[in-house]
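Right, one structure below, let's go through it.
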Amino acid sequence: MVRSNQTFLENELSDVVRLFGSDVDVTHEMTYEDGIFYNAFEIDGEGASFEDACACEGELAFKRYAKRYAKLALYRLLAQKFGKTMPWGALTGIRPTKLAYAELAEGRRFEPLFEKMGVTEDNIALTAAVIEGQKGIYGVNNGGSDLFVGIPFCPTKCEYCSFITADIHYTEKYLDDYIDALAREAEDASAYLRDVKSVYVGGGTPLVLEPKRLERVLRAIDALHLSGEYTVEAGRPDVFTREKLDLLRDHGVTRICINSQTFSDETLRRIGRRHTAQDVYRAFEMAANYDFSVNLDLIAGLTGETVSDFASSVRQAIACAPDNVTVHTLCLKKGAKLKEETSFLSGEQVAEMVALSKRMLTEAGYSPYYLYRQKYMAGNFENVGWTKPGKACVYNVDVMEEITDNVAIGANAISKKLCGGGRIERYASPKDIPTYLHKIEEILAKKRQLFCKN
Ligand code: SF4
């Protein structure tokens with residue numbers, strides 16, 4: 001538990017404690033006098049204090065630097081107490097690249113700040129490589145909007161999954177009404193969608209819909225007459241059919257995702273997915289008949305997997321030659337069945353997996369183009385999107401760097417509107433499908449209010 005005389009710092013400091021995965025009682029007092037931040041801590045009865053000189057003008061700058069120095073001081077104390085450091089040091093935000101871009105925008109190199117915050121050399125280099133990988137999208141693409149369409153249904157629920165997604169067998173009765181609601185949202189959005197950069201139909205597993213329903217979703221998007229990148233996160237390979245891929249092609253889809261997570265049949269069984277590595281190969285063979293760019297997802301740190309299991313998955317992923325590979329690190333949030341019953345892999349093992357994926361993908365000609373972190377991530381690592389030259393996904397860059405509005409439709413879809421000065425307003429639709437359907441008029445009105453105001 002963290003108590004601070006500056007209550008606005010309590011959540012930030014709790015995030016630092018969470019990095020170390022331990023329960024400690026922290027009492028914090030911060031004062032700011034004559035350009036110096038004084039941070040005094042008492043942790044489980046032991047005290048320490050820090051002073052950092054920093055001239056800051058205005059409340060926004062004060063809050064930003066107050067957070068930075070308090071977190072850094074607490075991080076140093078905990079690193080000493082537990083005898084370990086973290087790959088991203090005292091940084092707890094999910095978008096390290098945003099912080100790097102903010103430094104660059106103020107005419108400074110980002111590396112000195114990252115070094116000061118204790119970020120490892122490897123992760124400073126990774127951040128620089130991601131910024132390089134975003135050239136041609138970041139800066140060129142800023143402004144305008146992206147469209148997200150949520151299909152929160154899956155063939156079964158995976159054991160590690162914390163998304164709000166429903167087993168399609170139990171939600172059949174809602175599907176038609178859900179698609180009607182999506183179509184109404186899409187039609188309404190045509191009034192405020194501007195300069196659309198990309199469309200992303202995500203899940204869940206969008207291809208779990210049978211062809212007639214899938215086509216209704218695609219038609220609702222066609223009615224917006226958009227062009228450019230169009231991704232369907234097709235999802236688990238056991239739902240791929242030629243008929244559905246034909247539909248995607250006929251409706252202008254340019255990119256699909258095949259979410260295998262691992263090539264180990266034993267792990268797939270353990271995590272509750274009813275498909276095998278063979279199904280992944282079959283999905284790739286099917287996709288080869290089309291012009292889609294293909295993304296493949298892998299997860300490092302799945303329970304029961306060894307470093308060599310993971311290396312084998314990376315090897316097999318590379319052999320499938322996808323245009324993009326996204327390497328996630330296992331992240332268990334509230335709602336994941338595995339959360340209560342699992343013994344996690346050690347941070348060292350996950351670190352080895354992450355390092356070998358970097359090495360193997362780099363050697364295979366991929367480079368990193370977006371990254372993000374999540375709370376509760378095994379070993380406090382990151383998710384990284386890798387791409388072959390010229391194949392970076394615009395939607396992923398836009399969303400991770402928050403450089404465009406995100407018009408998100410569907411249950412549990414979170415819309416974001418950029419309001420200038422780094423401020424972002426959000427609207428989240430209800431998570432549960434009956435509530436989403438019941439409140440559709442209210443949702444339409446709230447989103448109009450969000451996106452139509454100046
Ligand atoms: S396929 Fe993806 S969204 Fe669906 S249950 Fe599994 S992890 Fe969750």
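We count residues from 1, following the sequence as given. We count ligands from 1, going down the list as the structure has it; atoms in each ligand are counted the same way.
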Please determine if Arg274 and Asp238 form a salt bridge, counting it only when a charged side-chain N lies under 4.0 Å from a carboxylate O.
-> no
Does the distance from a Lys or Arg side-chain N to an Asp or Glu carboxylate O, for Arg184 and Glu441, drop under 4.0 Å?
-> yes
Among protein heavy atoms, which sits nearest to atom 7 (S) of ligand 1, and what does the distance come to when rounded to 0.1 Å?
-> Tyr160 OH, 3.5 Å
Of all protein heavy atoms, the one nearest atom 5 (S) of ligand 1 is Cys158 N, 3.3 Å
Pull out every atom of ligand 1 sitting under 4.0 Å from any heavy atom of Gly204, numbered as shown with elements.
-> 3 (S)
Closest approach of any protein heavy atom to atom 4 (Fe) of ligand 1, naming residue and atom = Cys154 SG, 2.2 Å
Do any heavy atoms of Thr156 fall under 4.0 Å from ligand 1?
-> yes
Side chain Ser415, main chain Val407, donor-acceptor under 3.5 Å = no
Between the CG atom in Asp146 and the NZ atom in Lys416, the distance rounded to the nearest 0.5 Å is 11.5 Å
Per the side chain to side chain contact (heavy atoms under 4.5 Å, CB included) rule, which among Val232, Thr231, Asp297, Val201 passes with Cys257?
-> Thr231
Protein heavy atom at shortest distance from atom 8 (Fe) of ligand 1 | Cys161 SG, 2.3 Å
Working for salt bridge (Lys or Arg N to Asp or Glu O under 4.0 Å), residues Arg216 and Asp180 = CA-CA 9 Å; Arg216 286 182 56 216; Asp180 286 345; 2.3 Å; yes
Of all the non-hydrogen atoms in the protein, which one sits nearest to atom 1 (S) of ligand 1, and at what distance?
-> Arg236 CD, 3.1 Å
